[in-house]
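One structure is given here, and the rest of the page talks about it.
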Amino acid sequence: MQNELLRLLPSVDEVLRYEQVNEALDSHPRSVVVGAIREALAQERVSILSGNTMAAVEGGKPACLERIVFKTIAAVKSSARPYLRRVINATGVVLHTNLGRAPLAKQARQAVNDVVANYSNLELDLETGRRGSRYAPLEKLLTTLTGAEAALVVNNNAAAVLLALSTMARGQEVIVSRGQLVEIGGSFRIPEVMAQSGAQLVEVGATNKTYPDDYRRVINQNTALLLHVHTSNYRIVGFTREITVGELVEVGREYNLPVVSDLGSGFLIDLSRYGLPWEPTVQETVGAGTDIVTFSGDKLLGGAQAGIIIGKRTYIDRMKKNPLTRAIRIDKMTVAALEVTLRLYLDEEQALVEVPTLKMLTVPMSQLQQKASELAALLREVAGSRALVQLEESLSAVGGGAMPTAALPTAVVVIQPGKSSASELQEALRRGEPAVMGRVQEDKLLLDVRTIADGEFQLLAGAFAKALK
Ligand SMILES: *Cc1c(COP(=O)(O)O)cnc(C)c1O
(Lines give C-alpha, C1' and ligand atoms only; values in the text may rest on other atoms or scores of the structure.)
Protein backbone atom coordinates (compact mmCIF):
# COMPACT_ATOMS: atom_id res chain seq x y z
CA MET A 1 0.00 0.00 0.00
CA GLN A 2 2.76 2.45 0.94
CA ASN A 3 4.76 1.68 -2.18
CA GLU A 4 1.64 2.05 -4.27
CA LEU A 5 0.98 5.51 -2.80
CA LEU A 6 4.59 6.60 -3.23
CA ARG A 7 4.52 5.55 -6.86
CA LEU A 8 1.36 7.57 -7.41
CA LEU A 9 2.85 10.82 -6.05
CA PRO A 10 2.87 13.47 -8.79
CA SER A 11 6.15 14.50 -10.38
CA VAL A 12 7.50 18.05 -10.02
CA ASP A 13 6.48 18.73 -13.62
CA GLU A 14 2.92 17.59 -12.97
CA VAL A 15 2.61 19.98 -10.04
CA LEU A 16 4.13 22.76 -12.13
CA ARG A 17 1.41 22.31 -14.71
CA TYR A 18 -1.26 22.95 -12.09
CA GLU A 19 -2.79 26.35 -12.90
CA GLN A 20 -2.15 28.12 -9.56
CA VAL A 21 1.43 26.88 -9.45
CA ASN A 22 2.00 27.87 -13.04
CA GLU A 23 0.77 31.39 -12.26
CA ALA A 24 3.23 31.63 -9.39
CA LEU A 25 6.01 31.31 -11.96
CA ASP A 26 5.06 34.75 -13.34
CA SER A 27 6.09 36.54 -10.18
CA HIS A 28 8.58 34.20 -8.47
CA PRO A 29 11.88 32.64 -9.61
CA ARG A 30 11.47 29.14 -11.04
CA SER A 31 14.09 27.78 -8.62
CA VAL A 32 12.00 28.98 -5.65
CA VAL A 33 8.78 27.41 -6.98
CA VAL A 34 10.49 24.11 -7.82
CA GLY A 35 12.18 24.08 -4.41
CA ALA A 36 8.81 24.58 -2.71
CA ILE A 37 7.26 21.71 -4.72
CA ARG A 38 10.15 19.38 -3.83
CA GLU A 39 9.73 20.27 -0.15
CA ALA A 40 5.96 19.65 -0.28
CA LEU A 41 6.53 16.30 -2.05
CA ALA A 42 9.15 15.30 0.50
CA GLN A 43 6.74 16.02 3.35
CA GLU A 44 4.09 13.93 1.60
CA ARG A 45 6.55 11.04 1.23
CA VAL A 46 7.41 11.16 4.93
CA SER A 47 3.73 11.23 5.77
CA ILE A 48 2.99 8.18 3.61
CA LEU A 49 5.93 6.25 5.04
CA SER A 50 4.77 6.96 8.56
CA GLY A 51 1.49 5.28 7.67
CA ASN A 52 -0.67 8.36 7.39
CA THR A 53 -4.03 7.25 5.98
CA MET A 54 -4.83 10.80 4.88
CA ALA A 55 -2.95 9.96 1.71
CA ALA A 56 -5.75 7.70 0.49
CA VAL A 57 -6.11 6.95 -3.17
CA GLU A 58 -8.77 8.77 -5.19
CA GLY A 59 -9.38 7.77 -8.80
CA GLY A 60 -5.96 6.22 -9.19
CA LYS A 61 -4.16 9.24 -7.63
CA PRO A 62 -3.24 9.90 -4.03
CA ALA A 63 -5.58 12.56 -2.65
CA CYS A 64 -2.69 14.87 -1.92
CA LEU A 65 -2.33 17.03 -5.03
CA GLU A 66 -4.51 19.79 -3.56
CA ARG A 67 -2.45 19.71 -0.40
CA ILE A 68 0.85 19.83 -2.30
CA VAL A 69 -0.36 22.79 -4.36
CA PHE A 70 -1.58 24.60 -1.26
CA LYS A 71 1.72 24.05 0.54
CA THR A 72 3.74 25.07 -2.49
CA ILE A 73 1.86 28.36 -2.91
CA ALA A 74 2.11 29.15 0.81
CA ALA A 75 5.85 28.40 0.85
CA VAL A 76 6.49 30.47 -2.29
CA LYS A 77 4.61 33.44 -0.83
CA SER A 78 6.37 33.29 2.48
CA SER A 79 9.81 32.92 0.92
CA ALA A 80 9.18 36.03 -1.19
CA ARG A 81 8.75 38.08 1.97
CA PRO A 82 11.91 39.25 3.75
CA TYR A 83 12.34 37.62 7.13
CA LEU A 84 13.11 40.97 8.77
CA ARG A 85 10.09 43.20 8.44
CA ARG A 86 8.03 45.86 10.07
CA VAL A 87 6.17 45.12 13.30
CA ILE A 88 3.57 47.27 15.02
CA ASN A 89 4.65 47.53 18.66
CA ALA A 90 1.54 47.55 20.83
CA THR A 91 3.37 46.24 23.91
CA GLY A 92 3.99 49.66 25.43
CA VAL A 93 7.67 48.75 25.93
CA VAL A 94 9.38 51.76 24.36
CA LEU A 95 12.84 50.21 23.88
CA HIS A 96 11.90 46.63 23.04
CA THR A 97 15.12 44.78 22.25
CA ASN A 98 13.30 42.00 20.35
CA LEU A 99 11.54 44.63 18.26
CA GLY A 100 14.66 46.54 17.28
CA ARG A 101 14.99 49.05 20.15
CA ALA A 102 14.70 52.71 19.07
CA PRO A 103 12.81 53.73 15.92
CA LEU A 104 14.58 56.59 14.11
CA ALA A 105 13.40 60.17 13.73
CA LYS A 106 12.16 61.04 10.26
CA GLN A 107 15.11 63.40 9.68
CA ALA A 108 17.50 60.54 10.48
CA ARG A 109 15.66 58.15 8.14
CA GLN A 110 15.89 60.72 5.37
CA ALA A 111 19.63 61.14 5.96
CA VAL A 112 20.20 57.36 5.79
CA ASN A 113 18.23 57.20 2.58
CA ASP A 114 20.24 60.01 0.92
CA VAL A 115 23.52 58.42 1.90
CA VAL A 116 22.73 54.85 0.86
CA ALA A 117 21.07 55.74 -2.43
CA ASN A 118 24.04 57.84 -3.59
CA TYR A 119 27.76 58.36 -3.05
CA SER A 120 28.76 60.42 -0.04
CA ASN A 121 31.76 62.20 1.51
CA LEU A 122 32.12 59.49 4.18
CA GLU A 123 35.92 59.76 4.25
CA LEU A 124 36.53 62.89 2.20
CA ASP A 125 36.88 66.44 3.51
CA LEU A 126 35.02 68.46 0.88
CA GLU A 127 36.73 71.70 2.00
CA THR A 128 40.30 70.54 1.47
CA GLY A 129 39.77 67.64 -0.93
CA ARG A 130 41.87 65.48 1.38
CA ARG A 131 41.02 62.25 3.12
CA GLY A 132 38.59 62.87 6.00
CA SER A 133 37.41 60.89 9.02
CA ARG A 134 34.02 59.23 9.20
CA TYR A 135 34.01 60.06 12.90
CA ALA A 136 34.58 63.81 12.47
CA PRO A 137 30.95 65.03 12.30
CA LEU A 138 29.96 62.83 15.25
CA GLU A 139 32.94 63.85 17.37
CA LYS A 140 32.15 67.54 16.96
CA LEU A 141 28.48 67.12 17.90
CA LEU A 142 29.23 64.80 20.83
CA THR A 143 31.81 67.12 22.38
CA THR A 144 29.47 70.10 21.97
CA LEU A 145 26.53 68.26 23.53
CA THR A 146 28.36 66.57 26.41
CA GLY A 147 31.25 68.86 27.29
CA ALA A 148 33.76 66.03 26.74
CA GLU A 149 37.16 66.71 25.09
CA ALA A 150 36.97 64.00 22.44
CA ALA A 151 34.71 61.26 21.10
CA LEU A 152 34.70 58.05 19.09
CA VAL A 153 31.78 55.90 17.95
CA VAL A 154 31.88 52.12 17.43
CA ASN A 155 29.39 49.39 16.56
CA ASN A 156 27.61 49.11 19.91
CA ASN A 157 28.18 49.80 23.59
CA ALA A 158 29.45 46.28 24.26
CA ALA A 159 32.20 46.99 21.70
CA ALA A 160 32.80 50.41 23.28
CA VAL A 161 33.46 48.86 26.71
CA LEU A 162 35.66 46.18 25.14
CA LEU A 163 37.70 48.78 23.26
CA ALA A 164 38.12 51.02 26.32
CA LEU A 165 39.29 48.13 28.50
CA SER A 166 41.53 46.62 25.85
CA THR A 167 43.18 49.99 25.17
CA MET A 168 43.54 51.19 28.75
CA ALA A 169 43.95 47.99 30.80
CA ARG A 170 45.19 45.02 28.72
CA GLY A 171 47.42 42.88 30.94
CA GLN A 172 46.53 44.94 34.01
CA GLU A 173 43.86 45.02 36.71
CA VAL A 174 40.47 46.74 36.64
CA ILE A 175 38.50 47.23 39.85
CA VAL A 176 34.69 46.90 39.82
CA SER A 177 32.11 46.84 42.63
CA ARG A 178 30.35 43.48 43.11
CA GLY A 179 27.03 45.31 42.92
CA GLN A 180 27.83 46.39 39.34
CA LEU A 181 28.75 43.11 37.63
CA VAL A 182 25.86 43.38 35.19
CA GLU A 183 24.60 41.08 32.50
CA ILE A 184 22.76 42.73 29.62
CA GLY A 185 20.61 40.75 27.20
CA GLY A 186 22.17 37.40 28.04
CA SER A 187 25.41 37.92 26.15
CA PHE A 188 27.08 40.99 27.61
CA ARG A 189 28.54 40.29 31.03
CA ILE A 190 31.11 42.52 32.65
CA PRO A 191 33.37 39.63 33.79
CA GLU A 192 33.34 38.08 30.31
CA VAL A 193 33.93 41.34 28.44
CA MET A 194 36.78 41.99 30.87
CA ALA A 195 38.35 38.60 30.09
CA GLN A 196 37.99 39.21 26.35
CA SER A 197 39.76 42.58 26.66
CA GLY A 198 42.78 40.99 28.29
CA ALA A 199 42.25 42.90 31.53
CA GLN A 200 41.95 41.22 34.88
CA LEU A 201 38.81 41.81 36.93
CA VAL A 202 39.24 42.66 40.59
CA GLU A 203 35.91 42.57 42.45
CA VAL A 204 35.42 44.67 45.56
CA GLY A 205 32.68 45.24 48.13
CA ALA A 206 29.51 43.20 48.50
CA THR A 207 26.46 42.89 46.26
CA ASN A 208 24.53 45.47 48.26
CA LYS A 209 27.27 47.63 49.78
CA THR A 210 30.54 49.03 48.46
CA TYR A 211 32.65 51.82 49.99
CA PRO A 212 35.51 53.94 48.60
CA ASP A 213 37.90 52.20 51.02
CA ASP A 214 37.15 48.86 49.35
CA TYR A 215 38.91 50.24 46.25
CA ARG A 216 41.78 51.81 48.22
CA ARG A 217 42.55 48.45 49.81
CA VAL A 218 43.18 46.61 46.52
CA ILE A 219 44.83 49.33 44.41
CA ASN A 220 48.39 48.33 43.55
CA GLN A 221 51.16 48.88 40.95
CA ASN A 222 49.28 46.80 38.42
CA THR A 223 45.93 48.61 38.67
CA ALA A 224 45.03 50.21 35.32
CA LEU A 225 41.69 51.87 36.02
CA LEU A 226 38.52 52.00 38.11
CA LEU A 227 35.35 50.96 36.28
CA HIS A 228 31.88 52.20 37.19
CA VAL A 229 28.98 50.32 35.58
CA HIS A 230 25.52 51.82 35.67
CA THR A 231 23.11 49.09 36.82
CA SER A 232 20.85 49.96 33.94
CA ASN A 233 18.57 46.91 33.99
CA TYR A 234 18.19 46.14 37.70
CA ARG A 235 18.10 47.82 41.08
CA ILE A 236 19.33 46.57 44.41
CA VAL A 237 16.92 47.81 47.09
CA GLY A 238 16.87 47.64 50.86
CA PHE A 239 20.11 48.08 52.82
CA THR A 240 22.33 49.34 50.03
CA ARG A 241 25.28 51.61 49.57
CA GLU A 242 26.54 51.80 46.05
CA ILE A 243 29.63 53.74 45.10
CA THR A 244 28.90 56.93 43.13
CA VAL A 245 30.85 58.08 40.09
CA GLY A 246 31.93 61.14 42.10
CA GLU A 247 33.41 59.00 44.90
CA LEU A 248 35.23 56.85 42.38
CA VAL A 249 36.71 59.95 40.73
CA GLU A 250 38.02 61.05 44.16
CA VAL A 251 39.75 57.70 44.72
CA GLY A 252 41.09 57.81 41.16
CA ARG A 253 42.66 61.25 41.78
CA GLU A 254 44.34 60.07 44.99
CA TYR A 255 46.12 57.28 43.12
CA ASN A 256 46.35 58.94 39.71
CA LEU A 257 44.13 56.29 38.08
CA PRO A 258 41.58 56.93 35.31
CA VAL A 259 37.87 56.27 35.91
CA VAL A 260 35.75 54.72 33.17
CA SER A 261 31.95 54.81 33.37
CA ASP A 262 29.75 52.42 31.38
CA LEU A 263 26.48 54.33 31.46
CA GLY A 264 24.55 51.80 29.40
CA SER A 265 21.63 53.76 28.07
CA GLY A 266 22.95 57.28 28.35
CA PHE A 267 20.60 60.20 28.10
CA LEU A 268 21.37 63.76 27.18
CA ILE A 269 18.14 65.12 28.68
CA ASP A 270 17.06 64.71 32.31
CA LEU A 271 13.63 63.12 31.97
CA SER A 272 12.71 63.40 35.67
CA ARG A 273 10.94 66.64 34.73
CA TYR A 274 8.49 64.48 32.80
CA GLY A 275 7.68 62.12 35.63
CA LEU A 276 10.36 59.52 34.90
CA PRO A 277 12.86 58.35 37.54
CA TRP A 278 16.04 60.36 37.83
CA GLU A 279 19.04 58.78 36.14
CA PRO A 280 22.48 60.35 35.69
CA THR A 281 22.79 62.16 32.36
CA VAL A 282 25.86 61.89 30.16
CA GLN A 283 26.74 65.54 30.86
CA GLU A 284 26.61 64.98 34.64
CA THR A 285 28.82 61.92 34.33
CA VAL A 286 31.40 63.83 32.28
CA GLY A 287 31.11 66.79 34.68
CA ALA A 288 31.82 64.52 37.65
CA GLY A 289 35.39 64.19 36.37
CA THR A 290 35.34 60.75 34.73
CA ASP A 291 38.00 60.05 32.11
CA ILE A 292 35.91 57.94 29.72
CA VAL A 293 32.13 57.44 29.43
CA THR A 294 30.45 54.91 27.13
CA PHE A 295 26.77 54.50 26.19
CA SER A 296 24.46 53.08 23.50
CA GLY A 297 23.24 54.98 20.45
CA ASP A 298 19.92 53.13 20.22
CA LYS A 299 18.67 53.04 23.78
CA LEU A 300 17.23 56.23 25.29
CA LEU A 301 19.27 58.38 22.93
CA GLY A 302 16.89 57.17 20.21
CA GLY A 303 19.41 56.91 17.38
CA ALA A 304 21.07 54.06 15.48
CA GLN A 305 22.80 51.06 17.04
CA ALA A 306 26.19 52.35 18.13
CA GLY A 307 28.58 52.54 21.07
CA ILE A 308 29.49 56.10 21.92
CA ILE A 309 32.78 56.73 23.71
CA ILE A 310 33.53 60.21 25.03
CA GLY A 311 36.14 61.62 27.37
CA LYS A 312 39.77 62.71 27.70
CA ARG A 313 41.57 63.16 24.40
CA THR A 314 44.66 61.19 25.40
CA TYR A 315 42.63 58.00 25.92
CA ILE A 316 40.37 58.53 22.88
CA ASP A 317 43.47 59.06 20.70
CA ARG A 318 44.91 55.78 21.93
CA MET A 319 41.60 54.01 21.19
CA LYS A 320 41.54 55.43 17.67
CA LYS A 321 44.93 53.79 17.04
CA ASN A 322 43.88 50.40 18.46
CA PRO A 323 43.48 47.90 15.54
CA LEU A 324 40.29 46.69 17.23
CA THR A 325 38.66 50.03 16.31
CA ARG A 326 38.85 49.15 12.61
CA ALA A 327 37.12 45.82 13.30
CA ILE A 328 34.21 47.41 15.16
CA ARG A 329 33.84 50.57 13.10
CA ILE A 330 30.45 51.99 12.18
CA ASP A 331 29.14 52.13 8.63
CA LYS A 332 27.80 55.12 6.71
CA MET A 333 24.16 54.40 7.60
CA THR A 334 25.01 54.66 11.27
CA VAL A 335 27.02 57.84 10.77
CA ALA A 336 24.12 59.42 8.88
CA ALA A 337 21.43 58.40 11.37
CA LEU A 338 23.46 59.33 14.41
CA GLU A 339 24.66 62.69 13.12
CA VAL A 340 21.14 63.84 12.36
CA THR A 341 19.72 62.46 15.64
CA LEU A 342 22.44 64.26 17.62
CA ARG A 343 21.72 67.47 15.72
CA LEU A 344 18.13 67.31 16.97
CA TYR A 345 19.51 67.43 20.53
CA LEU A 346 21.09 70.83 19.89
CA ASP A 347 17.56 72.14 20.55
CA GLU A 348 16.10 70.22 23.51
CA GLU A 349 12.49 71.20 22.70
CA GLN A 350 12.94 69.89 19.19
CA ALA A 351 14.51 66.64 20.38
CA LEU A 352 11.55 65.95 22.70
CA VAL A 353 9.16 66.25 19.76
CA GLU A 354 11.19 64.72 16.93
CA VAL A 355 13.09 61.81 18.55
CA PRO A 356 10.44 59.05 18.73
CA THR A 357 11.85 57.49 21.91
CA LEU A 358 11.70 60.78 23.82
CA LYS A 359 8.29 61.61 22.43
CA MET A 360 6.84 58.25 23.48
CA LEU A 361 8.31 58.56 26.98
CA THR A 362 7.00 62.07 27.60
CA VAL A 363 3.58 61.97 25.92
CA PRO A 364 0.94 63.26 28.39
CA MET A 365 -1.79 60.91 29.67
CA SER A 366 -4.54 63.05 28.11
CA GLN A 367 -3.05 62.41 24.66
CA LEU A 368 -2.72 58.69 25.33
CA GLN A 369 -6.39 58.55 26.36
CA GLN A 370 -7.38 60.41 23.22
CA LYS A 371 -5.35 58.03 21.05
CA ALA A 372 -6.75 54.97 22.81
CA SER A 373 -10.35 56.06 22.31
CA GLU A 374 -9.69 56.69 18.61
CA LEU A 375 -8.13 53.25 18.20
CA ALA A 376 -10.92 51.59 20.20
CA ALA A 377 -13.58 53.19 17.98
CA LEU A 378 -11.80 51.96 14.88
CA LEU A 379 -11.38 48.41 16.20
CA ARG A 380 -14.98 48.26 17.45
CA GLU A 381 -16.15 49.03 13.95
CA VAL A 382 -13.96 46.24 12.54
CA ALA A 383 -14.94 43.72 15.22
CA GLY A 384 -18.71 44.20 15.14
CA SER A 385 -20.11 41.50 17.40
CA ARG A 386 -16.99 39.31 17.14
CA ALA A 387 -15.09 40.92 20.00
CA LEU A 388 -15.60 43.22 22.95
CA VAL A 389 -13.38 46.31 22.68
CA GLN A 390 -12.89 48.49 25.77
CA LEU A 391 -10.61 51.15 27.22
CA GLU A 392 -8.53 50.76 30.35
CA GLU A 393 -5.58 52.30 32.14
CA SER A 394 -2.41 50.30 32.54
CA LEU A 395 1.38 50.71 32.78
CA SER A 396 4.05 50.92 30.07
CA ALA A 397 7.75 50.12 30.56
CA VAL A 398 10.87 51.86 29.25
CA GLY A 399 12.62 48.57 28.34
CA GLY A 400 15.94 48.05 26.59
CA GLY A 401 17.94 47.92 29.78
CA ALA A 402 16.93 51.37 30.98
CA MET A 403 15.01 52.64 34.00
CA PRO A 404 14.07 49.12 35.17
CA THR A 405 11.72 50.31 37.89
CA ALA A 406 9.84 52.93 35.88
CA ALA A 407 6.14 52.16 35.34
CA LEU A 408 4.51 54.78 33.15
CA PRO A 409 0.73 55.22 33.42
CA THR A 410 -0.81 54.65 30.01
CA ALA A 411 -4.09 54.01 28.16
CA VAL A 412 -4.73 50.64 26.54
CA VAL A 413 -7.34 49.15 24.23
CA VAL A 414 -8.56 45.87 25.74
CA ILE A 415 -9.94 43.17 23.45
CA GLN A 416 -11.91 40.07 24.41
CA PRO A 417 -12.60 37.96 21.32
CA GLY A 418 -15.96 36.14 21.31
CA LYS A 419 -14.92 32.84 19.72
CA SER A 420 -11.20 32.42 20.41
CA SER A 421 -8.97 33.01 23.41
CA ALA A 422 -6.91 36.17 23.82
CA SER A 423 -3.72 34.13 23.26
CA GLU A 424 -5.06 32.82 19.96
CA LEU A 425 -5.84 36.36 18.84
CA GLN A 426 -2.39 37.46 19.99
CA GLU A 427 -0.81 34.71 17.89
CA ALA A 428 -2.91 35.51 14.82
CA LEU A 429 -1.87 39.17 15.08
CA ARG A 430 1.78 38.19 15.51
CA ARG A 431 1.67 36.02 12.39
CA GLY A 432 -0.28 38.60 10.39
CA GLU A 433 0.79 41.22 7.88
CA PRO A 434 1.92 43.56 9.26
CA ALA A 435 2.70 41.70 12.47
CA VAL A 436 1.21 43.28 15.59
CA MET A 437 2.65 42.58 19.04
CA GLY A 438 0.31 43.05 21.98
CA ARG A 439 0.28 41.55 25.45
CA VAL A 440 -2.17 39.17 27.11
CA GLN A 441 -3.37 39.72 30.64
CA GLU A 442 -6.17 37.75 32.31
CA ASP A 443 -7.35 36.34 28.97
CA LYS A 444 -7.67 39.79 27.43
CA LEU A 445 -5.47 41.25 24.70
CA LEU A 446 -4.00 44.65 25.58
CA LEU A 447 -2.85 47.12 22.94
CA ASP A 448 -0.85 49.97 24.51
CA VAL A 449 -1.13 53.10 22.34
CA ARG A 450 2.08 54.66 23.74
CA THR A 451 4.23 52.74 21.26
CA ILE A 452 1.80 52.76 18.30
CA ALA A 453 2.42 55.62 15.86
CA ASP A 454 -0.65 57.64 14.79
CA GLY A 455 -0.09 56.62 11.18
CA GLU A 456 -0.33 52.93 12.13
CA PHE A 457 -3.99 52.84 13.20
CA GLN A 458 -5.39 51.91 9.77
CA LEU A 459 -2.76 49.22 9.25
CA LEU A 460 -3.48 47.81 12.69
CA ALA A 461 -7.22 47.79 12.00
CA GLY A 462 -6.59 45.88 8.76
CA ALA A 463 -4.42 43.31 10.54
CA PHE A 464 -7.03 43.01 13.30
CA ALA A 465 -9.80 42.31 10.75
CA LYS A 466 -7.74 39.48 9.22
CA ALA A 467 -6.80 38.06 12.63
CA LEU A 468 -10.45 37.88 13.72
CA LYS A 469 -11.20 35.56 10.78
C1 LIG B 1 22.92 48.01 27.16
C2 LIG B 1 24.15 48.02 27.94
C3 LIG B 1 25.35 47.57 27.38
C4 LIG B 1 25.42 47.01 25.99
O5 LIG B 1 25.09 48.00 25.04
P6 LIG B 1 24.76 47.57 23.53
O7 LIG B 1 24.64 48.88 22.81
O8 LIG B 1 23.52 46.77 23.57
O9 LIG B 1 25.93 46.77 23.04
C10 LIG B 1 26.48 47.62 28.15
N11 LIG B 1 26.46 48.09 29.42
C12 LIG B 1 25.31 48.53 30.00
C13 LIG B 1 25.36 49.01 31.42
C14 LIG B 1 24.12 48.52 29.27
O15 LIG B 1 23.00 48.95 29.83
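Indexing begins at 1, ligand by ligand and atom by atom, following the structure's order. Just so you know, these numbers use all the heavy atoms, side chains as well, and skip hydrogens, waters and symmetry mates.
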Taking only residues two or more places apart in sequence, or in another chain, which ones meet Arg170 in a side chain to side chain contact (heavy atoms under 4.5 Å, CB included)? Ser166

What residue among Arg81, Lys466, Arg86 forms salt bridge (charged side-chain N to carboxylate O under 4.0 Å, His left out) with Glu433? Arg81

Between Thr281 and Asp270: side-chain donor-acceptor atoms closer than 3.5 Å: no

Taking all non-hydrogen atoms of both residues into account, name the closest pair between Ser261 and Val245 and its distance. OG-CG2, 4.5 Å

Carboxylate-amine/guanidinium contact Glu254 Arg216, below 4.0 Å: yes

Using a distance-only test with no angle check, is there a side-chain donor-acceptor pair under 3.5 angstrom linking Arg134 and Thr334? no

Asp298, any N or O under 3.5 Å of ligand 1 N or O: no

Under a heavy-atom criterion of less than 4.0 Å, does Gln305 contact ligand 1? no

Ligand 1 to Phe188, heavy atom cutoff 4.0 Å, flagged ligand atoms 10 (C), 11 (N)

Do me a favour and list the nearest non-hydrogen protein atom to atom 15 (O) of ligand 1 with residue, atom name and distance? Ser232 OG, 2.4 Å

Have Glu173 and Asn220 got a donor and an acceptor in their side chains that come within less than 3.5 Å? yes

Does at least one non-hydrogen atom of Val161 fall below 4.0 angstrom from an atom of ligand 1? no

Quick check on contacts: which atoms of ligand 1 are under 4.0 angstrom from a heavy atom of His230? 13 (C)

Please confirm whether Ala158 comes within less than 3.5 Å of ligand 1 when only nitrogen or oxygen atoms on both sides are compared. yes

I'd like to know whether ligand 1 has Arg101 as a neighbour, heavy-atom separation below 4.0 Å. yes

Quick one: look up the protein heavy atom nearest atom 14 (C) of ligand 1 and list residue, atom name and how far away it is. Lys299 NZ, 3.0 Å

At what distance is the nearest protein heavy atom to atom 11 (N) of ligand 1, and which residue and atom is it? Asp262 OD2, 2.7 Å

Report yes or no: do Glu242 and Ser177 form a side-chain donor-acceptor pair below 3.5 Å? yes

Using distance alone, decide if ligand 1 has a nitrogen or oxygen within less than 3.5 Å of any nitrogen or oxygen in Ser296. yes

Compute the shortest N/O to N/O distance between Asn157 and ligand 1 and return yes if it is under 3.5 Å, no if not. yes

